[in-house]
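Beneath this line is the structure, given in structure tokens, with notes to follow.
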Amino acid sequence: MGSKWTAADVPDQSGRTAIVTGANSGLGYDTAAVLADKGAHVVLAVRNLDKGAEAVARIKKTSPDAVVTLQQLDLSSLDSVRAAADEIRAQHPRIDLLINNAGVMYVPNRETTAEGFEMQFGTNHLGHFALTGLLLDRLLPVDGSRIVTVSSVGHRILARIRFEDPHFENGYNRVRAYGQSKLANLLFTYELQRRLAAKGASPIAAAAHPGFSDTELMRYIPVFVPDIVWKIFTQPADRGALPTLRAATDPSVKGGQYYGPDGAGEVKGYPKVVASSAQSHDEDIQRRLWAMSEESTGVSYPL
């Protein structure tokens, strides 16, 4: 395996089942497409089934033998998360990979989920926290199973967990809200890994970030940048998906590792282990967030 890890380095995935959230476009689509091409049974967990069906058709056109199925999932509704988890559990007695990829970014005005959570925190963190907890018993017995959660360089930008006002009821700032949600993704990953390790469980938890990738998420970026300039500083979605794919499939990955691009500022490049903020490694914050997440979602983990 060369130092420049690419999709060609993804090992054979035959016999494995992978759940990928937000897999109808962008990073999720490219992640799912590679896993399916490598032989995994990939479940595209998507909010819009019509767009999901289009994604299935695109994957099958490139990889005719791919086994790809759809699952409706709206992470901004805990009822939808519970229904999706029930259906996935009924159809899949084992899960090898759970890739928590879906997300929203820089929502211009304060919006809320069905439960009244701030949209970015509710979707990016709480929805995935609930889904992972509800599916965990399908991952626990499986040797080599992994939970990969997609974070962002945004976890460093104006980011902290606002325990006093996590849903920005007293003054909304979209950059702070996004940063909080992406910091939460890392705090969750590290706390989950510690709990899994303490139990001696099979799964490992890892995280990844795509650098600056040219996807639909960027439509709300809070500064005006001409397209020609933006293209220079971003990488295509298939390259942005590589850190996730490496965290999910590279045999050398260890629990609690965080993968991102190897270029300057982790903006773009090939995937490698990268560092996250000191705040993301604060065990007190991790435990407090976990407790708040359990209370908010009503989902408790068997750990």
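FYI, side chains are in, hydrogens and waters are out, and symmetry mates aren't considered; it's all heavy atoms of this structure. Just so you know, these numbers come straight off a predicted model, no measurement behind them.
- Judged by distance alone, with hydrogens and angles left aside, the side-chain atoms of E118 form no donor-acceptor pair with the main-chain N or O of P166 at under 3.5 Å.
- Residues L196 and L303 form a side-chain contact, since some pair of their non-hydrogen atoms from C-beta on lies under 4.5 Å apart.
- Checking side-chain atoms of R146 against main-chain N and O of A247 turns up a donor-acceptor pair under 3.5 Å.
- No donor-acceptor pair under 3.5 Å is formed between the side chain of K268 and the backbone N or O of G263.
- Not one N or O on the side chain of R176 forms a donor-acceptor pair closer than 3.5 Å with the backbone of I157.
- With rounding to the nearest 0.5 angstrom, the CD1 atom of I95 is 9.5 Å from the OG atom of S145.
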Step by step, work out the side chain to side chain contact (heavy atoms under 4.5 Å, CB included) result for T149 and H128.
CA-CA 8 Å; T149 300; H128 281 127; 5.5 Å; no

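- Taking each heavy atom of L49 and V46 in turn, the nearest pair found is CD2-CG2, 4.2 Å.
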With side chain to side chain contact (heavy atoms under 4.5 Å, CB included) as the criterion, how do L97 and V148 come out once you've worked through the C-alpha distance, each side chain's angles and the decisive distance to 0.1 Å?
CA-CA 8 Å; L97 296 175; V148 177; 5.7 Å; no

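- One hydrophobic cluster, built from ILVMFWY side chains closer than 4.5 Å, cannot hold both V42 and V67; they sit in different ones.
- Between the CE atom of M292 and the CD atom of E295 there is a distance of 9.0 Å, given to the nearest 0.5 Å.
- Remark: S151 engages H155, K182, N185, L186, Y258 in a side-chain contact (heavy atoms from CB on, under 4.5 Å) (not counting sequence neighbours).
- Under the side-chain contact (heavy atoms from CB on, under 4.5 Å) criterion, R162 pairs with R160, E164, D165, F168, Q180, not counting sequence neighbours.
- P251 has its side chain within reach of P11: a pair of non-hydrogen atoms, C-beta onward, lies under 4.5 Å apart.
- If you check the side chains of D250 and S252, you find a donor sitting under 3.5 Å from an acceptor.
- V43 and I147 fall within the same hydrophobic cluster, where Ile, Leu, Val, Met, Phe, Trp and Tyr residues are linked whenever their side-chain heavy atoms come under 4.5 Å apart, directly or through other members.
- Under a hydrophobic clustering in which Ile, Leu, Val, Met, Phe, Trp and Tyr are joined whenever their side-chain heavy atoms come within less than 4.5 Å, directly or via other members, L139 and V299 fall into the same cluster.
- F129 pairs by the ring pair (Phe, Tyr, Trp, His ring centres under 6.0 Å) definition with H125, F188, W290, Y301, not counting sequence neighbours.
- Panel note: side chain S63, backbone A66; no donor-acceptor pair is recorded below 3.5 Å.
- What you find for G269 and R239 is that their closest heavy atoms are O-CD, 3.5 Å.
- A salt bridge links K4 with D262: at least one charged nitrogen is closer than 4.0 Å to a carboxylate oxygen.
- Side-chain contact between L126 and S293 is present, with at least one heavy-atom pair separated by less than 4.5 Å.
- The closest side-chain heavy-atom distance from I285 to F163 is below 4.5 Å.
- We find the NZ-OG distance between K38 and S14 to be 10.0 Å, quoted to the nearest 0.5 Å.
- Using modelled atom types, one finds a donor on one side chain and an acceptor on the other under 3.5 Å when comparing S276 with Y190.
- L187 and V153 are assigned to two separate hydrophobic clusters, defined by single-linkage of ILVMFWY side chains at heavy-atom distances under 4.5 Å.
- Under the rule for a side-chain contact (heavy atoms from CB on, under 4.5 Å), the partners of P302 that lie at least two apart in sequence or sit in another chain are L136, L140.
- Using a 4.0 Å cut-off between charged side-chain N and carboxylate O, R195 and E191 make a salt bridge.
- Atom OG of S181 sits about 9.5 Å away from atom CE of M105, to the nearest 0.5 Å.
- Two residues are said to be in side-chain contact when any heavy atoms from C-beta on lie closer than 4.5 Å; I99 and L35 meet this criterion.
- The main-chain N or O of A205 is never found under 3.5 Å from a side-chain atom of T189 such that the two would form a donor-acceptor pair.
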Kindly determine whether Y270 and W5 satisfy side chain to side chain contact (heavy atoms under 4.5 Å, CB included), including the steps that lead there.
CA-CA 6 Å; Y270 294 91; W5 197 95; 5.5 Å; no

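- Judged purely by distance below 3.5 Å, without hydrogens or angles, the side chains of T132 and N100 pair a donor atom with an acceptor atom.
- Applying the side-chain contact (heavy atoms from CB on, under 4.5 Å) rule to D137 yields the partners R89; only residues at least two apart in sequence or on another chain are considered.
- Of all non-hydrogen atoms in A7 and L242, the two that sit nearest each other are N-CD2, 3.5 Å.
- Inter-residue side-chain proximity for P261 and H209 is flagged as met; some heavy-atom pair is nearer than 4.5 Å.
- In plain terms, the two heavy atoms of A85 and L134 that are nearest each other are CB-CB, 3.6 Å.
- Under a hydrophobic clustering in which Ile, Leu, Val, Met, Phe, Trp and Tyr are joined whenever their side-chain heavy atoms come within less than 4.5 Å, directly or via other members, L44 and L73 fall into different clusters.
- Using a 3.5 Å distance cut-off with no hydrogens or angles, the side chains of Q120 and R174 do not pair a donor with an acceptor.
- The shortest side-chain heavy-atom distance between T249 and Q13 falls under the 4.5 Å cut-off.
- Across D238, D30, V34, L27, a single residue satisfies side chain to side chain contact (heavy atoms under 4.5 Å, CB included) together with L245, and that is V34.
- Counting only heavy atoms from C-beta outward, the side chains of R288 and I161 never approach each other to under 4.5 Å.
- D74 is linked by a salt bridge (charged side-chain N to carboxylate O under 4.0 Å, His left out) to nothing, counting only residues two or more places apart in sequence or in another chain.
- Here the CG-OG distance, from L183 to S152, works out to 11.0 Å after rounding to the nearest 0.5 Å.
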Stepwise salt bridge (charged side-chain N to carboxylate O under 4.0 Å, His left out) test for R287 and E283:
CA-CA 6 Å; R287 288 189 288 266; E283 294 186 9; 3.6 Å; yes

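- Rounding to the nearest 0.5 Å places CD of Q279 at 10.5 Å from CZ of R156.
- D96 places a side-chain N or O within donor-acceptor distance of the main-chain N or O of T17, the cut-off being under 3.5 Å.
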Under the side chain to side chain contact (heavy atoms under 4.5 Å, CB included) rule, what do N48 and N24 come out as? Steps first, then yes or no, please.
CA-CA 8 Å; N48 186 312; N24 60 283; 5.7 Å; no

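- Within 6.0 Å of CZ on R47 lie no more than 12 heavy atoms contributed by other residues, nucleotides or ligands.
- Closest heavy-atom contact between I59 and Y29: CG1-CE1, 3.5 Å.
- Here the shortest heavy-atom pairing between V104 and M119 reads CG2-O, 3.9 Å.
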